[in-house]
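Throughout, a chain's letter reflects where its sequence line sits, starting with A, and its residues are numbered from 1. As the structure is a computational prediction, the values presented were derived from the model and not from experiment.
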Protein chains: 2
Amino acid sequence: MEEHRKETRLSLVKSTPFSQLRPETWDALEVMCRVKSYRANQTVVHAQERSYFIGCVLSGVLRMEKTLADGRAQIVGLLVQGDFFGRVFDGIAEFSIEAATDTEICAFPRAEFEALLTQSPDLEPAVLLNAANELDRAREWLIILSNQKIVGRIAGFLLLMCSRFRGIDHILQPRPEGVEVKIPISRGDLAHLLGTRPESISRSLHSLSDRGVIDILEPDRILIRDMKALALAADEDEIEAIAILQKLLKNHRTEP
Amino acid sequence: MEEHRKETRLSLVKSTPFSQLRPETWDALEVMCRVKSYRANQTVVHAQERSYFIGCVLSGVLRMEKTLADGRAQIVGLLVQGDFFGRVFDGIAEFSIEAATDTEICAFPRAEFEALLTQSPDLEPAVLLNAANELDRAREWLIILSNQKIVGRIAGFLLLMCSRFRGIDHILQPRPEGVEVKIPISRGDLAHLLGTRPESISRSLHSLSDRGVIDILEPDRILIRDMKALALAADEDEIEAIAILQKLLKNHRTEP
DNA sequence: GGGCGGCATTGACATGTATCAATGACCCTC
DNA sequence: GAGGGTCATTGATACATGTCAATGCCGCCC
């Protein structure tokens, strides 16, 4: 049990936004938190319900969802190791949170968390910064989703994974040929997340693979070979122009 | 000058998220803030630059943008009366902010704002709640953008305007026939915001108009006649089914 | 007043993507 | 090992949307 607490603290320390916490506050946190486990597809927080804890992800991946009027759910974000969730000073969650994979979270009783917050002024900037970062991340998603073409969205998604999940080894692994990304959700969920359909995801992914930008090792393991080309694909379909140009050159070579 | 301060306070009090502030803090705010004016398309905050103030919108509309690698700008959100912007305890903005229309903002020097924050503990929940609300709003945008069909995105956009800009009379006006929404940005910007092109915006808007869901009084003045149908269009294209059904019935009537 | 430029709209066309249907791979259970 | 389920993939087709081009409207400046 003592071992588990230490592990918990370790995971917390690793999370960037809260890394500015002072040692004495860590001790307090260590006493407060409880580790909870969830299985894939289990619901952690129901939308519109009062939640009595603030959570921090220790392992696994969670998805935030909004349930639409017709019953379908729209994914609005993913949570990974080190991410906090739950509304401080308000208990009502706007979005429900479900485990995408088997998950361990660290739960802080909300009342105690808030009390700690008001008591220690040095904690406040950290929490606010955390909120601001979360906001920026949500806006990153916005940019990806505003991409007209699906290939662009997928490229943006992969790049976002790289930038956000850096250092989380069960998701991102550097290799000599490139970077391997583990997609923590199914094609269907990914399609949903990017505002499209599984079929389109499949096609776009294979299109990128055909161009040599990525390798599909397994359906959920993507190897990024050419990060620059991927960035081009995300920002614009400038890559298309390059591909067409290359094809033209090739035809020119083979023709005579 | 004294008059202007009173007006400023009035506008601030009207803003929902900060409405929980105590009177004594208002006095402090009132002393601190400076009113600044911007003309349409003027830049208020440059991305990646250190900003020395926290802003609150008094009048007009601002757009938050991310400048992409290729020079184009992607709009990630709109700011209206009562919205705060600027990162507390950090100064570096991730996104640039530009005036979409002529704008008046209230600027708090960042250092003083932060000092005030640490001094008065009752302010903290308000600021955190504000951040959380902002986050939820960003995720609302996400849901709208994840809509596959453009009509759905526009419907979602109009509904978001209704829910967010309630009470801001120069944007939203209740009328006997419905609710009039003033679109504060050009078709091009709107298209950009919704991840599409001006032509598609135009077509979708007129499609909704043909169905009687909305009226286009002027290009930038939309009258929502049937809020329920709009919600259906946003959530799903169930409205399509209705339209097809109605057309079938009409054909059936005219045929014999 | 006339010319100019920006904006919204419309049409025709090409392209991308959703949709439907079918297949194969994998995992789980029996 | 057989059978049923889910998931990824692929193909064919219809539809929505991007793209290009042309028009008309309006405000601005000379």
Side-chain angles (χ1 to χ4, degrees), chain A residues 39-41 72 74 100-102 145-155 157 182-211 214-222 233-234 236-241 243-244 247, chain B residues 39-41 72 100-102 144-155 157 182-211 214-222 233-234 236-241 243-244 247:
Chain A
R39 296 251 287 281
N41 293 321
R72 289 172 312 154
Q74 174 57 48
T101 65
D102 286 355
L145 272 180
S146 66
N147 210 319
Q148 288 161 5
K149 304 225 175 104
I150 305 295
V151 192
R153 289 190 217 166
I154 289 179
F157 169 77
K182 179 110 172 48
I183 311 290
I185 51 177
S186 74
R187 285 281 187 283
D189 276 354
L190 182 56
H192 206 178
L193 184 59
L194 299 179
T196 179
R197 301 270 143 182
E199 295 96 324
S200 294
I201 295 282
S202 187
R203 278 187 250 268
S204 303
L205 233 29
H206 282 266
S207 152
L208 284 171
S209 170
D210 290 345
R211 295 185 218 156
I214 63 169
D215 258 9
I216 304 171
L217 308 176
E218 285 173 45
D220 61 344
R221 293 202 306 141
I222 307 291
E236 189 154 39
D237 287 0
E238 217 163 321
I239 195 173
E240 289 292 337
I244 292 166
K247 211 158 76 178
Chain B
R39 297 249 289 281
N41 293 320
R72 289 171 312 154
T101 65
D102 289 354
I144 290 174
L145 272 180
S146 66
N147 210 318
Q148 288 161 8
K149 304 222 174 104
I150 305 295
V151 192
R153 288 189 218 167
I154 290 179
F157 169 77
K182 179 111 171 50
I183 311 290
I185 51 177
S186 74
R187 284 282 186 281
D189 276 353
L190 182 55
H192 207 178
L193 183 59
L194 299 180
T196 179
R197 300 271 143 182
E199 294 95 326
S200 294
I201 296 283
S202 188
R203 277 186 251 269
S204 304
L205 231 31
H206 282 266
S207 153
L208 283 172
S209 170
D210 290 345
R211 294 186 219 158
I214 62 170
D215 258 10
I216 305 171
L217 307 176
E218 286 175 45
D220 61 343
R221 293 202 307 141
I222 307 291
E236 189 152 40
D237 287 2
E238 216 164 318
I239 194 175
E240 290 291 339
I244 291 167
K247 210 158 76 179

key: Worked check of side chain to side chain donor-acceptor pair (under 3.5 Å) between R203(B) and S207(B)   = CA-CA 6 Å; R203(B) 277 186 251 269; S207(B) 153; over 6 Å; no
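Computed from coordinates, the Q148(B) CD to dA16(D) C1' distance equals 11 Å when rounded to whole Å. Residue R153(B) contributes atom CZ, which lies 8 Å from atom P of dT17(D) at whole-angstrom precision. With rounding to whole Å, D189(B) atom CG is found 9 Å from dC7(C) atom P. Between K149(B) atom NZ and dA14(D) atom P there is a gap of 16 Å when expressed in whole angstrom units. The distance between atom CD1 of I183(A) and atom C1' of dA8(D), rounded to the nearest whole Å, is 14 Å. Across the protein-nucleic acid pair, N41(B) atom CG and dC7(C) atom C1' stand 13 Å apart, rounded to whole Å. When rounded to the nearest whole Å, the span between CG of N147(B) and P of dA18(C) equals 12 Å. Atom CG of D210(A) and atom P of dT9(D) are 12 Å apart (whole Å).
In this structure a side-chain-to-backbone donor-acceptor pair under 3.5 Å is missing from N41(B) to A100(B). Between the side chain of S202(A) and the main chain of P198(A), no donor-acceptor pair closer than 3.5 Å is present. For D102(A) (side chain) and A40(A) (main-chain N/O), a donor-acceptor pair under 3.5 Å exists by modelled atom type. Of the possible donor and acceptor atoms, none in the side chain of Q74(A) sits under 3.5 Å from a partner among the backbone N and O of S146(B).
Put simply, R197(A) has a side-chain N or O that comes within less than 4.0 Å of OP1 or OP2 on dT19(C).
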message = Please encode protein proximity along nucleotides 8-14 of chain C as a string of B, S and -, counting only heavy-atom distances under 4.0 Å.
response = SSBBB--
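Side-chain contact between I183(A) and F157(A): present, with at least one pair of heavy atoms (C-beta onward) separated by less than 4.5 Å.
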